[in-house]
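Some notes on the structure that comes next.
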Amino acid sequence: MTNFLFVLSSEKKNLNETAELLPSLMEHKKIIDNEGIQILIGDFDDKNYSLEIEDKKYFFTPNNFKHFDLMEDSKSVKSFSEQIQPYIKVDMETKRVIISSDPLGTDYIYLAYNNGNLYISSQMKYILQNEKELLNHLDYDAMMEYVFSHCILGMKTFFKKIKLLPYNKTITLDLEEIDYSKIEEIVLENSEIKYEFPSKYEEMDKESYEKIVEEQALQFEKYFNILLNKRNENNYFLLSGGLDSRMLLTSVEDDLKKKCKGITFDYSDKGLNVTNAKKVAERLDVEHIVRIIDVEDTIKDSLKHMWYCEGISTHVSSRLVSFLDEVETKNNLYIDGYVGDGQLGGEFFTCIKDKNLRKDSAYSLLKAMQLHNYFFPPKVFEKMAKEKNILKRSIIPELKKHADLLWEVEDERMSVECLLALTRGRKYAVGGPKTVEVFGTTVLPFYHPQIFSTYVKIPYELREKRNFELDVLGVLDQEIAALPTTSSKFKRLKIVQNTLKVVRWFEKKLGVSIVPKSSSPIYKWTEEEGTYYRFINQILVDENCFIWNLLNKEVIRKLYEDLFNRKSHLELFLSAFIDLEIMIRLFFGIDKPEKVILESDNLKIKQEVEILFDTYDLKKEIYS
């Protein structure tokens, strides 16, 4: 991913110092230092971005590599690229800035203003390094959302004066007339929809469905023809045991497969992911790399991972840090099938069938995410939070704002589907395998606007239980479609789900574990005296932890005690506030303030908090 920072100011900043925060493998670094504007750009390949300068006008496009047209009938390639390509236009003469975000929000653009300085950046750390004062003002609501959902909703970030620009918008700002205290309202008032996505499902008979299955298979083939013909080597497919990754790799033409490798991560070389992925790689005659995850190593890597992605840590991603650090090549491409299974492939359908879940967009999203374990169980969350009625007074209003950012959708079910996919994308952008972007360019084919549009316009009944993906895969390769997959329909059968609930109830009462809870590393890390156990306890016994300003420490300690004693199944949720503690310590590693202000718009609080804990040493932990 192209890393960048624009500084519009009469005051000169030391961007050489900021450049030291770029990932070490980014050898292509450029600094522009002109009157009133400074620009820092970093990438693995200088062809991945463009910067045009004419007089006092600047036109910048990041991540060119993954934004291209799949439709031959597009009237103008340039016109289409502007519909999907993020860009920044700055006219220093008219003092006007146009910022265009990507349609599905996986390429973040942050905006901040302080002391007469305007910043536009791909990451918060580049802004904070130049405006350390912004560390002093933390957003209480945003941090509670992070604990609740492992992502932050709307335009907020941890920091009150740094805003995340909304997806699929082209925003025009007049620098001389902006009231920066109302920046969110101004952004929305001065923006227009960038890409026109479907607003409702299309009616389809058998013939039209079969036609679109063939068209989708051709679309994937064309996607990889365009993408990989630009490449010579080092193309890695993150190959799980599921349908999505195998469908993408199967779409690659035989000649181009010679340029590709599959990577599979698992806890055992006999795990289902490895077993199924090996069969796919053998059938496609593709080199297959297997990495067994060592839970001890994963803890060691998590700080670096979280700093790079400014967000959550996951087992696969943290392990990728060590593996990819060993890779000698420096211009790698990583292809990930993210979002295919959970949303576009069928898991969300239990939500959109329920009419009660479609009456209000905010509650729909809350319930839908809760059903799929993306949100903390609300009853548990309210016990954890110091602030009473936090859901009603803060989270729900923010969910409403978050839902309002969606383009106009006529069908209620489609709106819930798209919101789920986009919110999951936000979580991915602040964590997940997207962290590999510090080692090379990552592409998410399912988040290409044209591929996404094809999926969501197909009536949901035709995609349920992965039917559409299996049909597309059958067009590409019948043998691959018949191979075993971890994307099982079995787990979605109601009788299985209800039986599992009964088993969980007995487990809780008896204090035993009958059925393995998940493949989550946290479950495996909860053995007493293991690295993770010690790591968590260092935080739990620290009375100076930042999170105790937000959460009830006695409740948290009890929840973790139950987890370690196998009396609860909250392993995925309880990592949320540990991640928050780590992220705050990492950010404060830039310049630890003595005190910070916790601020909330919804709850009308402004609380001064002393910072007493030790922060992580960035030079020692991250860049050494």
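- Residues Y460 and R413 have side chains in contact (heavy-atom distance under 4.5 Å, counting atoms from C-beta outward).
- Here the options are M143, Q607, K160, the test is side-chain contact (heavy atoms from CB on, under 4.5 Å), and the partner is L138; only M143 passes.
- Counted by atom type alone, N168 and K194 present zero donor-acceptor pairs between their side chains at under 3.5 Å.
- Checked against the 6.0 Å centroid criterion, the rings of F577 and Y560 qualify as a close aromatic pair.
- I152 and A142 make their closest contact through CG1-O, 3.7 Å (heavy atoms, listed as atom of the first residue, atom of the second, distance).
- At most 12 heavy atoms of other shown residues, nucleotides or ligands fall within 6.0 angstrom of atom NZ in K200.
- Residues passing the side-chain contact (heavy atoms from CB on, under 4.5 Å) test with N552, sequence neighbours excluded: E554, V555.
- Ion pairing of K125 with E131 is absent here, as no side-chain N (NZ or NE/NH1/NH2) approaches a carboxylate O to less than 4.0 Å.
- E184 is linked by a side-chain contact (heavy atoms from CB on, under 4.5 Å) to M155, K156, K163, counting only residues two or more places apart in sequence or in another chain.
- For CD of E543, the number of neighbouring non-hydrogen atoms (other residues, nucleotides, ligands) closer than 6.0 Å is greater than 12.
- For Y126, the ring pair (Phe, Tyr, Trp, His ring centres under 6.0 Å) test picks out no residue, with sequence neighbours left out.
- Applying the salt bridge (charged side-chain N to carboxylate O under 4.0 Å, His left out) rule to D591 yields no partners; only residues at least two apart in sequence or on another chain are considered.
- In terms of the side-chain contact (heavy atoms from CB on, under 4.5 Å) criterion, residue partners of I605 (sequence neighbours excluded) are, by chain and number, Y140, S600, L603.
- Under a cut-off of 6.0 angstrom, the local environment of NZ in K383 is sparse, with at most 12 non-hydrogen atoms contributed by other residues, nucleotides or ligands.
- A distance-only check finds a donor-acceptor pair linking the side chain of H402 to the backbone of G154 [under 3.5 Å].
- Considering only residues two or more places apart in sequence or on other chains, K392 meets the salt bridge (charged side-chain N to carboxylate O under 4.0 Å, His left out) condition with none of them.
- Counting heavy atoms from C-beta on, the side chains of H448 and P445 never come closer than 4.5 Å.
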>> Show, in sequence, the C-alpha distance, side-chain angles and deciding distance for R463 and Y455, and conclude whether the side-chain hydrogen bond (donor to acceptor under 3.5 Å, both in side chains) test is met.
In response: CA-CA 8 Å; R463 283 182 285 136; Y455 263 78; over 6 Å; no

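- Scanning for side-chain contact (heavy atoms from CB on, under 4.5 Å) contacts around L612 gives N544, E610, with sequence neighbours left out.
- Cation-pi geometry between R585 and F613 is met: the NZ or CZ atom falls under 6.0 Å from the ring centre, inside 45° of the normal.
- Evaluation of the ring pair (Phe, Tyr, Trp, His ring centres under 6.0 Å) rule for W407 yields F197 as partners, not counting sequence neighbours.
- For the pair N136 and K595, the tightest heavy-atom approach, listed with the atom from each and the gap, is OD1-O, 4.1 Å.
- Inter-residue side-chain proximity for Y110 and T157 is flagged as met; some heavy-atom pair is nearer than 4.5 Å.
- Side chains of N273 and S240: no donor on one and acceptor on the other come within 3.5 Å.
- Checked against ring pair (Phe, Tyr, Trp, His ring centres under 6.0 Å), F4 has the following partners two or more places apart in sequence or in another chain: F60.
- In this structure, K182 has no salt bridge (charged side-chain N to carboxylate O under 4.0 Å, His left out) partners at least two apart in sequence or on a different chain.
- Counting all heavy atoms, side chain and backbone alike, S199 lies closest to M414 at C-SD, 3.6 Å.
- Checked against ring pair (Phe, Tyr, Trp, His ring centres under 6.0 Å), F158 has the following partners two or more places apart in sequence or in another chain: Y146.
- With contacts defined as side-chain heavy-atom distances shorter than 4.5 Å, the pair M583/F546 does not qualify.
- Taking 4.5 Å as the limit, every side-chain heavy atom of D579 sits out of range of all side-chain heavy atoms of V147.
- Shown here are the salt bridge (charged side-chain N to carboxylate O under 4.0 Å, His left out) partners of K401, two or more places apart in sequence or in another chain: E398.
- When every heavy atom of V409 is checked against every heavy atom of S415, the shortest pair comes out as CG1-N, 3.7 Å.
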